[in-house]
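All chains are named by letter (A, B, ...) in the order of the sequence lines, taking the proteins before the strands, and each is independently numbered beginning at 1.
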Amino acid sequence: MSSLLLPAAVSGVSVGLLYGLLGFSIVTLYKASATLSFAQPVIGMFTTFLSYYCYSKLGLPAGWAVVLGLVVAAALGAVIYVLVMRWNDGAGAANRSFRTLALYSLLLAIATTWFANGQPFRFPVPAPSGSVTVAGSVIPDLSFVTLVVALVLCGLVLVFFRWTPYGLLFRAVADDREVARLLGIRSRRITAVVWMAGTVIACIVGVLTVPTAFVSTDTLSNYAIYALAGVFLGGLTAWTGAFVGGLIVGIVSNIALVYVSNEAAVGIVFLILLVVLTVRPRGILGSEAVTRV
Amino acid sequence: VLTVPARTGTRWATYLLVLVLAVLWPVLGSNDLAIVGVAVGYAIAAIGVDISTGYAGQPNFGQSAFMATGAFATAWLQNTEGLSLWLALLCSLAICAAMAVVLGLAAVRLEHLGFGIVTFAFAFVVAAWVQGSALTSITGGPNGVPAPDGELFGIDLTNPRNLYGVSVVLLAIVALLAHNLVASRTGRAMLTVKGDERVAEVLGVRASSIKLRAFAFSAVCGGLGGALIAISAGYVTPASFPPAVSVTVFGMVALGGVGTITGPVLGAMFFWLVPNYAPGLESKQTVFVAAIFLVVLIVMPAGAFGAAADLMRERRLPTWLRSPLRSRAGLDRQAA
């Protein structure tokens, strides 16, 4: 038993950080533009395919293909903002969330129609292949790499938001968009940057899954529920909530996946989500919503 | 949350659409009847999404979960448990309603998009369970199970012409129920909850109970639509209702017009019939549907029916076509 439990928990932590990163892009978008994005997991899958095409079509080495893929992802984020979110952006928060749902379905449809033929594709992203033995159980080195990359990214993002003047601008827009605009912050430009950053983060998450899962349209399908569940577990209004929620979801789902099955993992995460919503709707770290009546 | 107003005076338009479908009954060949029959199933599911989204303000992004439940539960109850078709159908609709109430109890606690999030996640849960190995006795594994068939009140449903007739009658019943629901006391309570929950509570409306009822109605429509689609296809597999179908059904509602009941029927016809009859589009159906869904959300949030109704009633162009000189639009609306 214990020989399975420890690796399951460790890789649970590393995928949990991936859920957390994806969830963090959802939280940032929600805070900066009052839009709940359902599209992040599919954006991650889509941009991973774009990185893969930099490798297979342009003939770049896999490492440089990933770098170029991140640049392409940033450009795609800008395109998404300009074409999908910016136009008629006064139509209301619900309408903008519906748009991300349509974007989810459009990117997924494009990928399954034109990209999926012959998948899964091998994309030799440089990654360690060894493993270490800790307390009698085998843990692949890749888990540690994912852990380190995710921790570094989380750290960078938190430092950016907490201690840089630009981070302060983002937090101002997130706290109160109208007041921030009155103070002269270009809130639409901030939103555009958040969309670019969110797309890049989704791309990083997608690329980090490549060494274990190859490139396929199905890779990130479970992330849609896991990332969202993590966000609401941790609390949509808390910056660090997505990571806490993502870690819980990652560990629980991974252990259920190893010991039982995929459907049990998805089912347990959904049950936890239902219980948290019923008992503590604002999430573990979320603050009580204050509304003016 | 939802800025698109709901409409209650669209009864005539819905009945006109159902009448057109009924007139097509003797005209169409059996191939076409099968295709249009599936569209009728989608229309029923879409009306359900519209009731909870457009009238109660609680978006349902997980209709595929209820469609799958309706299809598999009916097939299982009839094939394995030996129930007659109408009893199997009734039982599976009850299962859908019960699931909706359990989900709803958690979803009502979240403001705004609570139902959207819970239903979206639920679509993935049902898809995972249907595709997994735990329920193989019900889902029949990757190859699926034969759809429920046979007789409904003495009508042989294996004949596509009979099936189409029954589907259209069921659509008419669902449309009638939906229009009566939104015109009733409960319907007015739903509109109040959509407008402002606090105002509704002050007026003595129990918002969470109203939301639950709207959502249960939505789920039952989804189950019925799913079962009809499965019967039309002749089989149901785990791949029949992936989560993306939820988004497609929501797109049907958004295209036709959220909060109109007529709109979802129009949208279902458009999204199912155009790719099936336009040459070269069939393999790209999902891309076509998603692209139109996105464009509609951006340029006309009230949907096609909403825009047309505005144009006819208020002689007002949709916002995106209006010239900036005609800024009297607000005044026009007050006068109308």
Side-chain angles (χ1 to χ4, degrees), chain A residues 34 36 38 83-114 221-226 228-229 231-232 236 260-267 269-271 273-282 289 291 293, chain B residues 1-4 53 57 59 61 102-103 105-114 116-118 120-125 127-135 198 242-244 246-248 250-251 254 258 283-301 319-320:
Chain A
L36 183 69
F38 290 93
L83 288 186
V84 180
M85 305 313 295
R86 169 62 185 86
W87 202 358
N88 203 356
D89 64 356
N95 177 271
R96 289 197 303 274
S97 289
F98 295 171
R99 287 183 199 183
T100 66
L101 198 68
L103 188 66
Y104 166 94
S105 126
L106 181 62
L107 293 181
L108 186 65
I110 290 175
T112 45
T113 308
W114 283 293
S221 62
N222 273 345
Y223 279 55
I225 168 169
Y226 289 158
L228 266 183
V231 165
F232 283 91
L236 187 56
V260 196
S261 64
N262 178 45
E263 59 259 40
V266 175
V269 168
F270 187 66
L271 273 184
L273 177 67
L274 285 190
V275 170
V276 169
L277 288 187
T278 316
V279 179
R280 197 179 158 90
R282 60 186 186 212
T291 42
V293 184
Chain B
V1 191
L2 284 157
T3 41
V4 179
T53 309
F61 293 155
V102 173
L103 292 189
L105 286 174
V108 289
R109 299 294 307 268
L110 266 187
E111 283 187 11
H112 307 314
L113 283 171
I117 293 137
V118 169
F120 186 69
F122 188 59
F124 284 89
V125 175
W129 278 88
V130 163
Q131 284 164 8
S133 52
L135 294 180
R198 285 192 185 81
S246 309
V247 186
T248 303
F250 194 86
V258 178
S283 60
K284 302 174 186 67
Q285 179 175 10
T286 48
V287 180
F288 167 80
V289 167
I292 293 201
F293 177 25
L294 187 54
V295 170
V296 163
L297 282 176
I298 295 170
V299 298
M300 40 182 197
T319 337
W320 54 284

*Check whether A/Phe232 gets within reach of chain B through its side chain, its backbone, both or neither, counting any heavy atom under 4.5 Å.*
side chain

_Counting only non-hydrogen atoms closer than 4.5 Å, does A/Leu83 touch chain B with its backbone (N, CA, C, O), its side chain (CB onward), both, or neither?_
backbone

*Give the minimum heavy-atom separation between A/Glu263 and B/Trp129, together with the two atoms involved.*
O-NE1, 3.1 Å

*Value rounded to 0.5 Å, distance of CZ in A/Phe98 from CZ in B/Phe293*: 8.0 Å

*Between B/Ser133, B/Ala244, B/Gly251, which residue shows the highest count of heavy-atom pairs closer than 4.5 Å to chain A?*
B/Ser133

*With the side chain counted from C-beta on, respond yes when B/Phe122 and A/Ile225 share a heavy-atom pair under 4.5 Å apart, and no when they do not.*
no

*Could you tell me which portion of A/Val84 (side chain, backbone, both or neither) has an atom closer than 4.5 angstrom to a non-hydrogen atom of chain B?*
both

_Which atom of A/Ala102 lies closest to which atom of B/Ala290, heavy atoms considered_ = O-CB, 4.3 Å

_For B/Phe124 against A/Ala224, the heavy-atom pair lying closest together_ = CZ-CB, 3.5 Å

*Contact class of A/Ile110 relative to chain B, heavy atoms under 4.5 angstrom*: both

*Measure across A/Leu106 and B/Val287 and return the closest heavy-atom pair with its distance rounded to 0.1 Å.*
CD1-O, 3.8 Å

*asked:* Are the side chains of B/Thr286 and A/Thr113 in contact, using a 4.5 Å heavy-atom criterion?
replied: yes

_Per-residue contact mode, A/Leu274 against chain B (heavy atom under 4.5 angstrom)_ = both

_Less than 4.5 Å to any heavy atom of chain B: does that hold for the side chain of A/Ala229, its backbone, both, or neither?_
neither

*With a 4.5 angstrom heavy-atom cut-off, which part of B/Phe120 approaches chain A: side chain, backbone, both or neither?*
side chain

*Roughly how far, to the nearest 0.5 Å, is the CD1 atom of B/Ile117 from the CG atom of A/Leu273?*
8.5 Å

*Measure B/Ser246 against the heavy atoms of chain A and call it side chain, backbone, both or neither at under 4.5 Å.*
neither

*To the nearest 0.5 angstrom, please state how far the CG atom of A/Leu101 sits from the CZ atom of B/Phe61.*
5.0 Å

